[in-house]
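A short worksheet on the structure shown next.
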Amino acid sequence: MKNYTLLSPCFFGMEKMLAREIKELGFEILKTEDGRITYKTGEDGIAKANMWLRCAERVNLKVAEFEAKSFDELFEGTKRIDWSKYIPYGAQFPVSKASSIKSKLFSTSDIQSIVKKAIVESLKKSYLEDGLIKEDKEKYPIYVFIHKDKVTISIDTTGDALHKRGYREKANKAPIRETLASGIMYLNPWRPGRTLVDPMCGSGTLLIEAAMMGINMAPGLNRNFISEKWRTLDKKFWWDIRKEAYDKIDEDVEFKIYGYDIDEEAIEIAKENAEIAGVSEYIEFNVANALDFKSNEEYGFIVTNPPYGERLEDKETVQALYKNLGYTFRELKNWSYYLITSYEEFEDEFGREADKRRKLYNGMLKTNLYQYIGPRPPKKS
Ligand SMILES: C[S@@+](CC[C@H](N)C(=O)[O-])C[C@H]1O[C@@H](n2cnc3c(N)ncnc32)[C@H](O)[C@@H]1O
């Protein structure tokens, strides 16, 4: 059986949740670094990881790792690899991305062109029947990452990044990344059957991710991946993984979760997105002011992504909103609430120190998930 070494980048702060997912899929973690995890899988690993990982940004197939402090070393190290093992005759192999941190080689455009030339030289040894390296078939995008002079070369198996689940055709103001939203859902103990509310739901991402997790719907079910077209990967793996993902949806689980927003247009978008995702029957969306939120339920969860102040509202509006949210949420005596914002003085405005806070990056933006943890409901006898 063939093994693959895969490499998945994630937002900073999401490593723990991604590691948990990777282990749950039965893969072996080889290395965890800031913003990426390397792991070993069996021969269906590329299809399985793309289909099921909720917190990863993409799945790359690791090809090589070597040291290079000069362009000569980069060229020779890349050429030494037998690229015909990865790239079949006629396939396209753009060097799509290069990044370099704390390294002698830093010009990313030069890195890209050297790596491209070196791969061409390597492939010529295998495919030079007509003197040309043709590139008119399926794509194998090459990624180069250099950290402290150590070069990692990988091939992107995903295509459009994994956060593009296929359901968010429209988004309201400042939507949260789908991958981050699912990471937040892993960080709280909500399970189907317990009450969940996002009172500032925007385009509905947190609740749609929660509902997908609630019915065990694979995040990749409604989209395609670049490596589905690869000749080097047996199509059977994709068919099997997709069929298995359909079979694994738990249609017997029953629950309702609730989303509100003050903006009518946001609620329309959220409804459409939930419909596309196939989870609309589990979520009720309505226009409402979060500050009016009340509930007869004694226990419940609020998970929300209020305006940050930087992008949406001015500072004063956000300060007043946070202060009033503090009053509103504290009326819900036994509830837990989880709020993500980049606003550093959030707890001062909200009027209560969080039980736990977790630093998470929303892209390049540093945010905190403020966690206020309520008591567990008594066990039903
Ligand atoms: C950062 S966005 C939420 C984005 C959302 N997580 C998504 O993925 O699309 C903040 C949302 O809070 C809403 N909002 C602001 N003040 C509100 C209030 N008082 N009550 C309800 N919603 C409010 C805004 O309309 C906006 O949609």
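We number each residue from 1, following the sequence as shown. All ligand and atom numbering here is 1-based and tracks the order in the structure.
- The one candidate from Phe301, Phe350, Phe329 that meets the ring-ring contact (aromatic ring centres under 6.0 Å, His included) condition with Tyr372 is Phe350.
- Heavy-atom contacts of Ala288 reach the following atoms of ligand 1: 20 (N), 21 (C) (cutoff under 4.0 Å).
- Nearest-residue assignment for atom 9 (O) of ligand 1 (options Ser203, Ala290, Gly259, Ala266; heavy-atom criterion): Ser203.
- By the 4.0 Å N-to-carboxylate-O rule, Glu331 lies too far from Lys294 to be salt-bridged with it.
- Lys104 has no carboxylate O lying under 4.0 Å from a charged side-chain N of Glu73, or vice versa, which leaves the two without a salt bridge.
- Checked against a 3.5 angstrom limit, the closest N/O atoms of Ile176 and ligand 1 fall inside it.
- Counting heavy atoms closer than 4.0 Å to ligand 1, residue Thr304 contributes nothing at all.
- One finds a salt bridge joining Glu135 and Lys116 here, because a Lys/Arg side-chain nitrogen approaches an Asp/Glu carboxylate oxygen to under 4.0 Å.
- Under a 4.0 Å criterion applied to the non-hydrogen atoms of Pro199, ligand 1 contributes the atoms 21 (C), 22 (N).
- For ligand 1 and Leu321, the ligand atoms under 4.0 Å from any heavy atom of the residue are 19 (N).
- Salt-bridge formation is not detected for the pair Glu275/Lys271: no Lys NZ or Arg NE/NH1/NH2 atom is positioned less than 4.0 Å from an Asp or Glu carboxylate oxygen.
- Residue-level proximity to ligand 1 for Ala181 is absent, since no heavy atom of it falls below 4.0 angstrom.
- Residue Ile262 places at least one N or O, backbone or side chain, under 3.5 Å from an N or O of ligand 1.
- At a 3.5 angstrom cut-off on N or O pairs, Asp261 counts as close to ligand 1.
- Contact atoms of ligand 1 toward Asn305: 1 (C), 2 (S), 3 (C), 4 (C), 5 (C), 6 (N), 10 (C) (distance under 4.0 Å to a heavy atom of the residue).
- In summary, the atoms of ligand 1 found under 4.0 Å from a heavy atom of Asn289, numbered by their order in the structure, are 18 (C), 19 (N), 20 (N).
- Taking the side chain as every heavy atom from C-beta outward, Tyr186 and Met213 approach each other to under 4.5 Å.
- The closest side-chain heavy-atom distance from Leu325 to Tyr337 is not below 4.5 Å.
- Taking only nitrogen or oxygen atoms, main chain and side chain alike, Asp263 does not reach within less than 3.5 Å of ligand 1.
- The salt bridge (charged side-chain N to carboxylate O under 4.0 Å, His left out) contacts involving residues 175-186 comprise Glu57-Arg177, Arg168-Glu178, where partners must be two or more places apart or lie in separate chains.
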